[in-house]
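Reading through the structure tokens given below for one structure.
We name chains A, B, ... by the order of the sequence lines, and we start the count at 1 in each one.
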Amino acid sequence: MSLATTTEQRELRATVRRFLADRMPLTRVRELMATDTAFDRQVWDGLAGLGVQGLAVPQAHGGAGYGFGELAHVVEECGAALLPGPLLATIGLALPVLLAADDHRYLPGVASGRTVATVAWLAPGGGWDSAGESLTVANTDAGWRLSGSASTVLDGLVADLVLVVAGTGAASTVVAVESGGTRTALPALDQTRPLARLDFDDVPCTPVGRVGDGARLLDTALDTAGTLLAAEMVGGARACLDMAVGYAKVREQFGRPIGQFQAVKHKCAEALVAIEGAEAAARYAAWAADENPAELPVVATLAKASAAQAYFRAAADNVQIHGGIGFTWEHDAHLYFKRAKASLMLFGDVGAYRRRLADRLGL
Amino acid sequence: MTPSPIEYTAAQREFRAEVRDWLAANAPAEVRGLRVPRGPSDLDERLAAWAATLAEAGYLCVAWPTEYGGRGLTGVEVSIMNEEFGRADVPRLTRGMGESLVGPAIIAHGTDEQKRRFLPPIISGEHDYCQGFSEPDAGSDLASLRTTGVVDGDDLVLTGQKVWTSGFWKANMIFVLCRTNPDAPKHHGISYVLLPLERDGRPNGVEFRPITRITGKALFAETFLTGARAPLDNVIGGLDNGWRVAMTTLGSERGGSATTQHVAFLRQFWQLVDEVRARGLIGDVRVREQLAWAYTQVETIRMAGLALVADLAGGGTGRGLGNGSTSKIRWSEYQRRLTEIAMDLLGPDALVVGDGYDLDHWQEEFLVTRSHTIWGGTAEVQRNIVAERVLGLPKDPAPGGTR
């Protein structure tokens with residue numbers, strides 16, 4: 001399969017763009033931001049109606065059997081629209097764990113949109129690499145039981161299925177939790193991406209994949225999630241650049257549009273250069289996820305860091321170019337700015353991703 | 001086999017096989033592994049012989065239409081050619097500015113007679129061009145140039161000063177922009193003329209005074225035109241129409257170097273990794289982050305190139321996949337930054353040069369890369385182009401119609 005965007009991908013993308021423009025304008029995003037879950041079930045079902053959740057699920061398990069190349073285009077649109085909701089958690093994090101674990105139980109539910117899923121691994125107060133530090137799972141006489149706490153769980157309040165990376169002795173194992181435990185909303189800096197804390201006390205669960213294989217599964221999930229997050233950030237960055245350019249064309253100071261000043265022009269041009277690079281990397285990583293997975297650990301890592309930088313810069317410069325109005329709650333610029341910073345930090349900041357890349361290159 | 005992100009047509013695959021077979025049969029061992037030096041060197045003879053072989057086989061000026069001695073290759077085919085030359089590790093020579101600038105300008109704007117007279121000598125190497133565009137007071141604002149061209153009988157007589165003339169040391173022709181109508185608005189009244197450095201074996205009023213670059217080498221010159229004469233038949237596109245001619249490029253064919261440009265950068269990256277390892281610095285977190293940054297930039301250049309060629313090979317136009325300006329900003333600023341980092345990492349060693357200001361690779365690249373964000377439109381001009389032509393921001397109220 002070619003890296004080139006196909007006609008089908010363009011059409012799918014246009015369909016999703018129209019759907020989101022209709023159902024998820026920024027006014028609706030703001031309404032959802034005011035809720036704990038930031039989840040619009042009807043929009044989620046609408047996306048499922050367009051086949052989005054099933055794109056990368058194999059046909060044998062109820063999906064469309066396309067891949068992450070298609071998803072990347074869709075997710076770019078979701079990023080541009082600041083769609084809140086569990087797409088990244090379900091498709092970016094949970095689905096790759098299920099696929100890599102060869103666990104087919106939940107795939108039809110994921111593909112149809114019936115199942116919202118997420119992955120939990122972070123220790124409260126811990127870093128992104130704290131998997132297994134605050135959660136333990138054991139096979140008891142009563143069956144598999146999970147105890148402990150996970151923090152900063154994406155869409156943790158609304159997930160029907162929580163895949164938890166928990167310690168099993170020296171290694172870690174992924175287990176599936178469908179009910180039980182306590183879920184608490186964590187007020188998020190980026191209100192469009194809700195976070196939760198999950199506490200488990202002897203909660204029944206079932207292993208996903210091999211016992212002791214948790215680290216590998218989480219790594220796989222993070223590479224795929226990084227790839228889709230990169231695509232989402234590229235879409236968000238484009239939206240910021242469009243917003244900044246649109247404003248610079250009409251806002252006049254000193255008797256001329258501010259877009260005529262090179263100080264403003266150059267910021268916009270630099271944003272485009274960064275976005276084009278990040279887009280190339282994000283789409284290549286999505287291509288590799290489908291066609292050349294051996295390359296994914298390197299290219300997903302650099303795509304995520306690249307997109308994070310491009311998005312943050314575009315979002316920050318968008319605030320700057322808007323001036324005072326860009327610093328107000330009323331203006332939408334801060335929604336993107338916060339999403340950009342939160343996405344940059346998600347799963348590790350730019351430096352962390354660079355160190356990871358250096359490791360993976362064998363430096 | 002690694003899957004390819006580009007789906008080539010059957011014809012493109014055949015072309016690749018053709019180039020590969022030709023190289024296997026015809027590339028002499030003495031050009032394998034050769035890197036073309038920036039200035040005159042003892043490799044010149046070997047390279048000239050290789051160029052002659054390429055000319056003979058039709059592997060020079062390949063993007064020109066076949067009727068003018070080219071091969072009519074598309075951007076995708078040129079990229080395939082570049083890949084195969086890279087695979088064989090032999091230099092893919094070109095006829096420089098004669099091939100990339102003068103030829104396309106003649107093909108687009110020249111008369112049939114001019115095409116017959118000037119195109120074949122570019123391919124054969126008989127005419128070697130240097131460029132007479134920039135002037136001391138006309139750099140980024142090229143159209144403010146002041147060199148005059150005065151019609152005298154059948155000749156155009158040129159007087160003025162040009163600067164930054166690269167490759168003067170091997171040229172026998174110079175293509176010059178001069179003002180032939182001082183009363184016309186700035187961008188009008190300019191003519192594009194092909195000026196021989198000698199006429200009938202005698203000097204033609206063109207004097208080069210080499211300028212030493214910050215590397216210590218004199219690879220470009222100031223050019224003084226003092227009553228230099230070119231036949232009016234050497235004016236391309238007609239008198240006073242030179243601005244349009246000068247703006248002609250091979251821009252319609254994108255793709256050429258898109259899939260190979262990163263190769264040299266990647267080689268350089270791993271060379272730096274080796275140097276860093278040898279100095280025991282590879283475990284340093286800051287160093288690792290800097291190297292990972294560099295690798296990311298090189299990979300981004302590779303991936304953007306692949307996306308472009310994948311689109312072109314599939315019949316697309318490459319729209320939305322970058323352009324000359326964004327790509328130049330990306331690679332030139334990467335190179336500049338990489339060499340700064342390399343100098344830092346090499347530490348005190350990098351502060352000592354050889355006798356006669358002989359520079360090692362990193363010292364030379366550190367200095368040379370300052371020029372990449374200046375020539376061919378400065379980084380600032382490139383940003384203006386991106387902002388105005390791609391993003392549609394309002395143009396500077398520059399005095400385009402006045403002088």
Choice from V386(B), I385(B), L321(B) maximising heavy atom contacts with chain A below 4.5 Å: V386(B)

Pairs flagged by salt bridge (charged side-chain N to carboxylate O under 4.0 Å, His left out) wherever residues 285-296 of chain A is involved - sequence neighbours left out: E295(A)-R302(B)

Between K267(A), Q309(A), M1(A), R283(A), the one whose heavy-atom pairs under 4.5 Å with chain B are most numerous: M1(A)

Ring-ring centroid check W270(B) F265(B), cutoff 6.0 Å: no

Top contributor to chain A interface from L391(B), V285(B), I6(B), I282(B) [non-hydrogen pairs under 4.5 Å]: L391(B)

Selection from E279(A), H266(A), Q262(A) maximising heavy-atom pairs under 4.5 Å formed with chain B: H266(A)

Largest heavy-atom contact set with chain A, pairs under 4.5 Å, which of G316(B), A292(B), P394(B): P394(B)

Per-residue contact mode, V276(B) against chain A (heavy atom under 4.5 angstrom): neither

Test side chain to side chain contact (heavy atoms under 4.5 Å, CB included) applied to A342(A) - qualifying residues, sequence neighbours left out: D190(A)

No-hydrogen, no-angle side-chain donor-acceptor test under 3.5 Å, T339(B) and E365(B): no

Within 45° cone of W375(B) ring axis and under 6.0 Å: K328(B) NZ or CZ: yes

Test: R251(A) cationic atom under 6.0 Å from Y247(A) six-membered ring centre, within 45° of axis: no

Region of V298(A) in contact with chain B, defined by heavy-atom distances below 4.5 Å: side chain

Chain B contact via D359(A) - which portion, at a heavy-atom distance below 4.5 Å: both

Rounded distance (nearest 0.5 Å) linking atom CZ of F269(B) with atom CD of E299(B): 9.5 Å

Engaged part of E388(B) at the chain A interface, taking heavy atoms whose separation is under 4.5 Å: side chain

Partner chain A: residue of T300(B), L312(B), V287(B) with the largest heavy-atom pair count (under 4.5 Å): T300(B)

